[in-house]
Amino acid sequence: MKNLVDKLTGKDKLLEEVTHLRSRLDKANYENAIIASKLNKVSDDFAAARKTIEKMQQINSEMVTKYKSLEQEFYRRDSDFKKLQKEYSDLSDSHGELSNQLTATKNNYKALQQKHLKIESEHSYYKSRFGEILEIQIPQSDNPVAKTDWDSSFFEIAEKIKGNPFNENQVEAIRYGMEKHLQIIAGAGSGKTETICAKVAYLIQMKNVNPNRICMMTFTRKAKEEMEGRVNLFLGVENSKVNVSTFHGTFMSLFNQLKRQNPAYSSIGIQNGNADEGEFEYKRELRKLINKYRLFKFDKENEKTIFDRISFWINMGFSVDQMTDYIEKHFDSVIDDKEDIPVSVRFNMMINELNQVRKDNEIVVYDDFLINLYDALLQYPEAREFVQNRYDYIFIDEFQDINPLQMETVKLICPPTSASKLIIVGDDDQSIYAFRGSDPSYIKDLPKVYTSHEIRLMRNYRSKRKIVDAGNWVISENKHDRIPKSMDAFHKDDGEAIIVGCPDTKEEAHWILSRSQEIGKLEPFVLEGKVDPINYTKSTVLYRSRRQLQSMFQALDVKGVPYVIEKMDDVMGIFSIQDFNNAFGMWQELMASRGNKLQLWRSILTNALGHHFVSKHAIEQWYQTLDIATLSDVIREACALVIEKSKTKDTLPLKQYLTHLINLKQEKPVNMKEVAEQFLAFPRVKDNVTDEEKEWILKELEKYSTWNDLLGFHERMKRRKDEMKENLEKYHDKKYNALYFLTIHGSKGLAFENVFVIGCNDGGLPSKYAEELKDVDVQSCREKAEPPTTMEEERRLMYVAVTRAKQKLYVTFPKTIQDKPCGRSRFLKELNLPIIDSDKVSPVHVIAAH
């Protein structure tokens, strides 16, 4: 009922609504509580945020301060960056070039790595065979003598005379106390002569050595005079009393002293004659005996004369019995001259008779001075005792040039155990006289014989850096055939050193003359107030052999360049070609003689038949049986003799040659070029005369085709030779303006401002006969008196040529000879110099005075 009343009155709805509102109020109170809680948390967060803000404001203030500081640093660094940016811009311009250089360097590095491996292998081999290579440190001190040194005054005076200080190695050599024998290895341009001459002065002035107890030996009169002059200069006297002489002079002096001690020595060997005159008499007697003992074939075997063989054997220290044994070993079975007695036996008889004739007639040659002293010291103990006590100090210059006989004699004069001391100076890299018995092993192996102290002079004061470097490069290729070493250039400026390729020998000659004229214009030649605008004395041309001068002589004539040449025979042009000159001399004799008898033709016939390999014995027998009325018959019989006695069957050149000469003698017109062509076709002449020489002869005879023209040409060449001797003397006295020509062999020991080394094609330098030393039986060659031409010695020859130059070096070669390509010298690559074509070489520029 109640529920109904509530329902009717609406109370139940109100109650539901109240309940609903209460529920909503509770929910609102709950949410309010949550909001209040959140509000409290927000309030706490706000308080915390305020604190954070306050902290951030503090940090911000600090950051602003730091920012301002960083901003200042930024502006400073920005300025630096802009500077660096500019530098980078500048550097970037050369980046491409540097990049290319880097690539080249990498390639070089790879090549050097390979070379290094090769060198390591070679060094390992060398070390296993010869021991460790000695590294030479070249001191750089300007003056190693301190003013407080005991001997400082000596060096101060010597340096004033010399003009500059001695270097540390030179001072060491001068001061060395001679506790041992002294070996001075002195490279090219190292001042060796001044050093040993100063050492002589030091011994006399500082060590009180009697100058008469000092001996100095060298090889040439010129070197002897130079040493003598420098010793006197350092000592401040006109005659120092030091015994300075050549080997021959020293040995002769010692032998004469022995004879004064004991007249019994006068019976030794061959004495008392004049050696300057004796050589002519010696050769004349030798020719007679060659004919007597019929040694014609042996006299021409391998183009070596008996005179040459005997001289070589003597300098090798061989006795007559040894010579005879070697001939028996090497020639008796080779030379077939139809004689019953062997060559060796006839040679033995000949040389014994020759020596007896020479002794009876006092025909002395220079070799006798060596032999007489050697024999006396070998045979007589009292002679050795006297000579070994004669000197306290024995200086030997250019020791690399010593031969076996000289070496053995030196060991008798100054034995390894002697109280006397040897001072030897030289350079194995400059040993270039094997043809006369010299051997670089003597200087290399000296410590094996003598207990010695070694000092090296390795600073080159002569040449500019590029020249020194070229020398080092080429000689280093001799590898195991030398004392390992390298020269250091005192002059640090480069100089000029290039290889010049020319189209042919004619262009080579013209380029050299043009270049020498360019150089000569830089400093005119002045003599007694007269000025020549081109100074030819500033240039020197070095050559290997006369054959290289053919085109040069022609160019000299065309350009009208004045010149002098040291080897007088080389100035005779085609008349310096031996076979042609001999034939020309016989033509002269024929044309100068009267009548037309057979006897007048004897020398011409002998010469012509000999050139067809008919023996002199066969020719002599032919003359004895010859009974012919006319010269035409003689020609026919001569041709028959050639066919019978030689392998030659083509006698047409002989027939035409003799026919031309008969016509010439009868004053008929004869073309001398045709005469020469027939002569040059003879078998032996073809072997002796090169193609270049043949072309030279025939080209000249195109101009001088008649006998009178040729005779006139010869007379002009003779006058030129006579004038050359006079001009050469004036040149050396600095009174003649001319281009100087000199063989490389003759240039050793000398120095020149500007050097041309000509003809550096294969077969020119090195010689076409050159062989590798390892491929040569050296002992056999010595026994045969046929010293080999080795590639190693040819390389030393190139080294000598290169190191003569002071300022400029030009190594030239032709690309063709007689219109045919020719091989290039292997030394061109080894010099490590740039190769430039002759038409692309830049002009010579003026260089500062030096």
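Numbers here simply count residues along the sequence, with the first being 1.
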The single option from H181, K421, Q388 that satisfies side-chain contact (heavy atoms from CB on, under 4.5 Å) with C414 is H181

Near-ring test F318/F312, centroid separation under 6.0 angstrom: no

Using atom types as modelled and distance alone, determine if a side-chain donor or acceptor of N262 lies under 3.5 Å from a backbone N or O of Y265. no

With distance as the sole criterion, is a donor-acceptor pair present between the side chains of N472 and S486 under 3.5 Å? yes

Salt bridge check: are R358 and D368 linked by an N-O gap of less than 4.0 Å? yes

Just by distance, do the side chain of N315 and the backbone of G437 share a donor-acceptor pair under 3.5 Å? no

Between Y563 and Y740, is the ring centre distance below 6.0 Å? no

Closest non-hydrogen atom pair between D488 and V468, with its separation: C-CG1, 4.4 Å

Could you give the distance from CD (Q400) to CD1 (I185), rounded to the nearest 0.5 Å? 9.0 Å

Cation-pi between R796 and Y799: NZ/CZ under 6.0 Å from ring centre and within 45° of the ring axis? no

Closer than 3.5 angstrom, by distance alone: can the side chain of E281 be matched with the main-chain N or O of G278 as a donor-acceptor pair? no

Is it the case that the side chains of S539 and N754 hold a donor-acceptor pair, with the cut-off being a distance below 3.5 Å and no angle test? no

Could you pull out all residues at least two apart from F395 that satisfy ring-ring contact (aromatic ring centres under 6.0 Å, His included)? none

For L750 and L742, the nearest pair of non-hydrogen atoms, with its separation, is CD1-CD2, 3.9 Å

Is a donor on one side and an acceptor on the other found under 3.5 Å between the side chain of S267 and the backbone of A264? yes

Quick test of your reading of the model: are E792 and R795 salt-bridged, counting only N-O distances below 4.0 Å? no

When the aromatic ring centroids of F247 and F251 are compared, is their separation below 6.0 Å? yes

